[in-house]
Each structure stands twice: as C-alpha cells, then as structure tokens.
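Note sheet for the following structure.
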Amino acid sequence: MQGAFISGLISLALCACLVTVESRFNISFAQLDSCNSYEIESSRGYSYKDSFMVHTMDNNNIEPNQRLHLKFYVLTSMDAHILLSVTSRPRPNDRVYEIVIGAGGNTFSAIRTSMGLRRVSTNQDPHLLSMYDPTPVEIIQTKEGDLYVYIPGFKKEPLLHFMDASALNINYISFSSFGTNSARWFYDCAFDGYSTEMEKEKRQLTVQERLMNALNDQGQNSSLPAKLSGLSFNFQMRSLTYEPANAMLRTRLQLLLHWQDPRLTWKPENYNNMTYLVHKQLEIWTPELLVLNGAWDSMGNVLKSYELRVYADGNVTLMVNNLELNTWCVDSARNWPHERVHCDIKMGLATNGLALIYDTQRPLAPNEHVNTLSGWTFVEIGVTHLENAESMRYSPEGLRQSMHGDMAIEFTLQRNGSFYRHVFVMPLAVCQIFIVLSFLLRGYRRGALILITLMLTAWGLIYLTRHASPHYVPQLMVDYQHVMRISVYCYLLHIAIMWLRCYPPRSKAPAWILAVINCPALRLVLGMRFSYSTDYGNIQDQPWRQVAKMLNNASLLVINIIFIVLDVRDLSSV
C-alpha cells in the first residue's frame with residue numbers, strides 16, 4: 001500500500017510538471033483557451049475555403065507607421081499557409097501575399113506574391129512548426145510597403161521580409177495547408193492583446209441557401225422518412241454490351257427514383273416562389289441501391305453520383321444520368337453463333353421493408369434508343385418481381401440474398417448470325433462443293449483441289465477460334481473438324497486410286513474381289529455400268545482399276561450423305 005501511494009505521488013508530480021512546462025516559444029495551451037480557433041482537415045488539401053475580414057486598423061495594436069499588425073498561433077507539422085488578399089475570393093493570377101511557414105517538409109519558409117507562385121523572400125531555418133508546440137506568427141505591414149514576418153521567441157530579426165513598391169491594401173486573410181496535412185490556427189487571443197484583430201466574413205444567405213438549411217434541419221440528420229414503404233423507379237436504356245468470353249453484361253442507363261418525405265415541405269411564397277430545389281449540399285435521406293448480381297464495381301451501393309431534387313410538396317426525385325452497371329450473365333444454351341441470351345439486372349434496397357415499384361407513368365421509356373454491339377441484336381426488355389425472395393436482406397450466414405420487393409430488369413439478346421454465315425458458313429459450303437467436285441477430276445488437278453480445300457478448312461478453323469466461345473466447342477467448329485477429316489480422307493483416297501490405276505499389284509486379284517466387282521446390285525448402287533460380254537474380259541484382266549472406281553464412287557456416295565446430314569442439322573438448329 002505504501003509503494004502504491006508513493007507511485008501515485010510521483011505520477012501527480014509528473015502531470016503537474018507537464019502542465020506547468022511551457023513550449024519552446026513560451027506559449028501554453030492554457031493561454032490558447034482564450035483564443036478563437038480554426039481547423040483545417042487533412043482531406044482538404046491546398047485550398048483557401050474561408051476568408052476572415054481584417055477588422056478596423058485602430059483595433060490591431062498598430063503603430064503610426066504601420067498599415068497592418070496581426071498575430072496568431074498554429075499547430076501543424078509543416079506547410080502553414082497564410083493568404084493576405086484584397087478581396088475575399090482572389091483569382092489564381094491575382095496579386096496577393098502568400099506566407100508559407102515550414103514549407104518543403106518543415107525545412108524552409110517563403111513569401112509569394114501569387115498563390116503557389118512568384119517567391120520573393122525565403123528563409124532556410126528548419127523545424128519551426130510542431131503538432132505539439134504552438135508556433136506564434138506575427139505579420140507587420142508598414143506604410144512604406146515593407147512586409148515583415150516574425151516568429152516571436154525564435155529570434156528578434158524578422159523571419160521574412162519583402163519590400164513592395166506597390167503595396168496591397170489587405171482586407172482579408174485566409175488559412176490553408178498542403179497535401180494531406182492538417183492544421184489548427186488560433187486567433188483573437190485575449191492574453192496577448194490581439195482579441196479583435198480579425199473576424200470571419202459575414203454575408204447574407206441567398207434564398208437557395210436558406211431553403212437548403214431549412215430542408216437539412218427538417219431532414220432530421222438524414223433519417224429514414226416515417227411510413228415509407230417503397231420507392232418508385234423508372235429507367236431508360238442507353239447501351240448494352242454483352243461479353244460472352246467474360247460472361248458479363250455491361251449496361252448504361254438513366255435511372256430515376258422518387259419517393260415522398262412529408263417532412264420536406266415548404267411554402268413557395270416564403271422562398272421567392274421556389275417550387276423545387278436542386279443543391280449538392282442537401283443532407284436528406286437517400287436510398288442505398290444494391291445490384292444483387294453485380295460484378296466488379298457494381299457489387300456495392302451503385303448510387304454514387306446523382307442529382308437530388310426536392311419539391312415543395314415533399315416529393316423527392318433522385319436521377320442518375322449515366323449509371324454504368326456490370327452484371328454476370330452466363331450463356332447456358334451453348335449454340336454459338338445462334339445464341340439467344342436472357343440476362344437481367346437484379347436490384348434491391350439495402351433498407352429492410354422498402355420495396356422497388358416500377359412506375360410506368362413516368363416519361364422515361366425503357367426501350368428507346370438502345371445501342372448494342374454489331375454482333376448482337378436487342379430483342380426485348382421487361383421488368384418483373386424477383387420470385388422466391390426472403391424477408392431479410394442477409395442470410396444467417398451473412399450472405400446477401402434477394403428480398404421481397406426486389407425487382408429485375410430482364411433483357412433478351414440475340415447474336416447477329418449474318419456476319420458468321422458470310423465469314424464461316426460460306427467457306428464451309430465452298431469446301432463441301434470442292435470435295436464433291438474433286439471426285440469428277442483426275443490426276444494432279446484432283447489432288448490440288450483437295451489440298452486447297454484442306455487449306456481453306458484449316459484457315460477457317462483457326463480464324464474461328466478468335467470469335468467462338470472458349471467455354472465449349474460450338475457445332476460450327478465440329479462441322480469444320482468433320483470437313484477437315486473428310487479432306488484428309490479424300491487426299492489419302494486420291495493417293496490410293498492413283499496407285500491402283502498407275503501402279504496396280506502384279507499379283508492376281510483374289511476371287512472375293514472379282515465377286516464384288518462383278519456384283520450387279522453393287523454396281524447399280526454405285527452408278528457403274530453392268531459388265532457385258534465385251535467388257536467382261538477387260539474387267540477380269542484389270543480388276544484393280546475397277547476396285548479404284550468402286551472406291552471412288554462409294555466414297556462419293558458416303559460423303560454426300562454425311563454432308564446432307566450435317567447441313568440439315570445445322571439448318572434445324574438456326
């Protein structure tokens with residue numbers, strides 16, 4: 001117990017020491033309690049947002065030879081920017097006095113005569129600023145045009161000095177910082193006698209600003225309107241893009257949401273007969289729209305940039321001019337290039353109990369001026385309620401699910417097959433014709449025609465892989481494979497026929513081969529003449545020529561049957 005008591009006394013003593021110890025510039029936080037403060041957030045960056053009006057010079061402790069005498073304190077790690085200007089809204093090229101303390105990472109200070117440009121005075125003293133010790137800054141402008149910047153307690157000589165032959169008549173002062181740096185300024189401090197050196201500029205609010213402030217108050221901190229059960233919506237399609245390789249539908253549409261908030265009503269005669277208000281700083285309740293089957297950047301809330309319009313009767317309209325959505329859409333038919341794909345955009349509100357209601361009375365039409373890729377044709381569009389929906393947005397496992405009141409915008413897209421018929425189907429038909437014609441030719445002309453057919457088929461098959469779906473083998477590609485196999489068979493058949501005609505075997509043909517070539521029914525089916533007495537001897541003496549002819553006619557018959565089956569099947573699938 002005695003040790004705990006002693007440690008407590010030591011802690012109290014240390015705290016007392018810390019409270020009484022002053023900073024390196026002899027400024028305590030207790031003294032700054034008598035000051036007004038101005039804070040710059042880290043997200044603001046390099047911008048002068050608020051202007052302070054320099055008060056009457058008689059209240060600034062100025063001496064007879066001085067125009068301006070200001071003193072304030074700053075807490076920041078670097079880049080304390082002070083803007084002295086003639087007007088409250090200086091333009092980028094206007095002449096000003098911009099004083100920067102602790103620039104370059106708290107390594108130097110400077111005076112500039114334009115915002116960010118034209119440095120006229122520089123000091124290389126580092127580490128003047130701190131987030132823990134207040135740094136005093138004193139600014140004096142003499143009637144001769146000299147501008148002095150002091151850091152009281154650092155040294156008696158001015159930190160910066162600039163002689164301006166055409167001195168500015170300073171009326172406003174503003175504070176800023178740089179990058180993601182934050183800062184806090186203290187001014188009008190009573191302990192140093194400068195309590196009335198400047199005041200924030202006051203101006204009369206416009207009618208729009210008065211109405212906006214009233215609506216923000218009536219909106220009750222952007223809370224959900226009471227008894228709101230649903231939001232009406234309407235849309236107009238702008239463009240559709242379907243990417244089969246990625247199984248993704250990219251859409252761009254104009255979306256309109258409207259609801260009633262009885263709190264946001266006003267009398268137009270009290271606000272210069274304004275019947276509606278559009279303002280970026282409206283802080284009222286807005287819905288969170290979710291795309292349930294969204295992909296990539298469409299997985300969360302998709303309402304990021306929109307126009308909010310409030311009417312005097314409490315109606316609120318939210319409009320998104322170009323809403324770009326990415327949704328998953330898988331083609332399950334597997335019938336390239338004759339796909340007919342059914343895709344949808346499943347939408348819902350994040351708030352439980354709120355439903356989407358498709359409003360057909362609004363002027364926006366869902367099926368006008370829809371741009372699609374040349375490879376696809378927009379067939380139809382529809383809006384339906386999602387079936388098998390749940391009562392809650394998230395499942396017990398934390399997974400997002402469809403809820404009662406969700407809607408789906410359904411699209412039907414069909415690939416434009418005319419391009420593929422000209423590019424792929426026509427070469428395939430030409431190859432079939434070439435193969436049939438090759439049976440009517442002899443010698444090297446027949447072999448050349450078969451090789452041409454083989455090259456055309458290989459070219460079409462290679463080019464087909466650049467356009468067809470990579471997720472499955474389309475029927476058109478299978479047809480190309482069949483034609484290529486038939487071309488290879490025909491070329492091998494051509495070699496065999498040339499061998500049987502030009503270099504037949506010297507051995508005598510077996511009896512079963514002679515029986516086959518002399519069969520009348522087979523010769524009738526293959527379109528060959530019957531063997532008469534005058535031809536019988538020649539057939540028996542040269543049977544291999546008849547074998548080659550029979551192989552040629554039989555192959556022609558079988559290949560024609562295969563081509564007819566392939567073509568009929570392809571036509572039936574269109």
Side-chain angles (χ1 to χ4, degrees), residues 231 233-257 286-307 318-350 356 358-359 362 364-386 393 399-403 406-420 423 464-472 474:
L231 277 70
F233 81 97
N234 198 275
F235 65 96
Q236 182 180 20
M237 293 304 305
R238 297 292 180 84
S239 66
L240 285 173
T241 303
Y242 180 60
E243 300 177 358
N246 299 324
M248 185 175 296
L249 177 70
R250 301 183 185 272
T251 56
R252 186 169 61 88
L253 51 90
Q254 183 182 31
L255 182 67
L256 195 69
L257 293 170
T286 54
E288 183 178 352
L289 185 65
L290 304 177
V291 177
L292 305 181
N293 58 340
W296 306 117
D297 56 346
S298 301
M299 297 181 65
N301 183 19
V302 296
L303 298 180
K304 300 175 182 177
S305 177
Y306 50 82
E307 178 188 280
L318 186 150
M319 184 172 65
V320 186
N321 282 323
N322 287 293
L323 180 59
E324 297 183 358
L325 300 176
N326 300 322
T327 54
W328 299 114
C329 181
V330 179
D331 176 24
S332 59
R334 295 178 173 246
N335 57 349
W336 186 92
H338 309 296
E339 295 105 321
R340 190 179 179 91
V341 183
H342 301 280
C343 303
D344 58 11
I345 302 175
K346 299 177 181 178
M347 298 188 304
L349 299 173
L356 285 174
Y358 181 52
D359 186 6
R362 292 283 174 167
L364 293 181
N367 55 352
E368 294 180 357
H369 310 296
V370 179
N371 299 321
T372 58
L373 291 179
S374 59
W376 292 88
T377 301
F378 178 72
V379 180
E380 60 182 350
I381 189 173
V383 180
T384 60
H385 286 278
L386 289 182
R393 174 60 66 199
L399 300 177
R400 191 166 60 189
Q401 58 188 1
S402 60
M403 189 176 64
D406 293 349
M407 302 289 292
I409 305 175
E410 298 179 343
F411 307 94
T412 301
L413 301 174
Q414 183 172 336
R415 188 186 288 275
N416 184 6
S418 60
F419 169 78
Y420 297 97
V423 176
L464 185 64
T465 58
R466 300 176 57 185
H467 295 271
S469 175
H471 305 295
Y472 61 93

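Count residues from 1 along the sequence.
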Starting from the C-alpha separation in whole Å, work towards a yes-or-no answer on side-chain contact (heavy atoms from CB on, under 4.5 Å) for Met407 and His385. CA-CA 5 Å; Met407 302 289 292; His385 286 278; 3.1 Å; yes
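Looking at Leu255 and Leu289, their side chains come closer than 4.5 Å, going by heavy atoms from C-beta outward. For the pair Asn322 and Arg238, the minimum side-chain heavy-atom distance is below 4.5 Å. Residues Tyr306 and Met319 have side chains not in contact (no heavy-atom distance under 4.5 Å, counting atoms from C-beta outward). Annotation: side chain of Met347 is in contact with side chain of Ile409 (closest heavy-atom distance under 4.5 Å). The shortest side-chain heavy-atom distance between Leu292 and Leu386 falls under the 4.5 Å cut-off. Contact of the Tyr358 side chain with the Asn234 side chain is registered, since non-hydrogen atoms from C-beta on lie closer than 4.5 Å. Phe235 has its side chain out of reach of Leu323: every pair of non-hydrogen atoms, C-beta onward, lies at least 4.5 Å apart. Annotation: side chain of Leu413 is in contact with side chain of Leu249 (closest heavy-atom distance under 4.5 Å).
A distance of 11.0 Å separates CG of Leu256 from CG of Leu231, quoted to the nearest 0.5 Å. Rounding to the nearest 0.5 Å places OG1 of Thr241 at 9.0 Å from CZ of Arg252. Interatomic distance, Thr251 OG1 to Glu324 CD, rounded to the nearest 0.5 Å: 9.0 Å. Going from atom SG of Cys329 over to atom CG of Asn246 covers 12.0 Å, rounded to the nearest 0.5 Å. In this structure, OH on Tyr242 lies 10.5 Å from CE on Met248, to the nearest 0.5 angstrom. Here the CZ atom belonging to Arg250 is positioned 13.0 Å from the CG atom belonging to Leu240, to the nearest 0.5 angstrom.
Exactly one residue among Leu290, Leu318, Thr286 makes a side chain to side chain contact (heavy atoms under 4.5 Å, CB included) with Leu303. That residue is Leu318.
Among residues two or more places apart in sequence or in another chain, the ring-ring contact (aromatic ring centres under 6.0 Å, His included) test is passed with Phe411 by none. Shown here are the side chain to side chain contact (heavy atoms under 4.5 Å, CB included) partners of Glu380, two or more places apart in sequence or in another chain: Thr412.
Across Glu339 and Asp331, no two heavy atoms sit closer than the pair CG-OD2, 3.1 Å. Residues Gly348 and Asp406 share a closest heavy-atom pair of CA-OD1, 3.3 Å.
Residue pairs meeting the side chain to side chain donor-acceptor pair (under 3.5 Å) criterion with at least one member in residues 287-297, sequence neighbours excluded: Asn293-Asp344, Asp297-Asn326.
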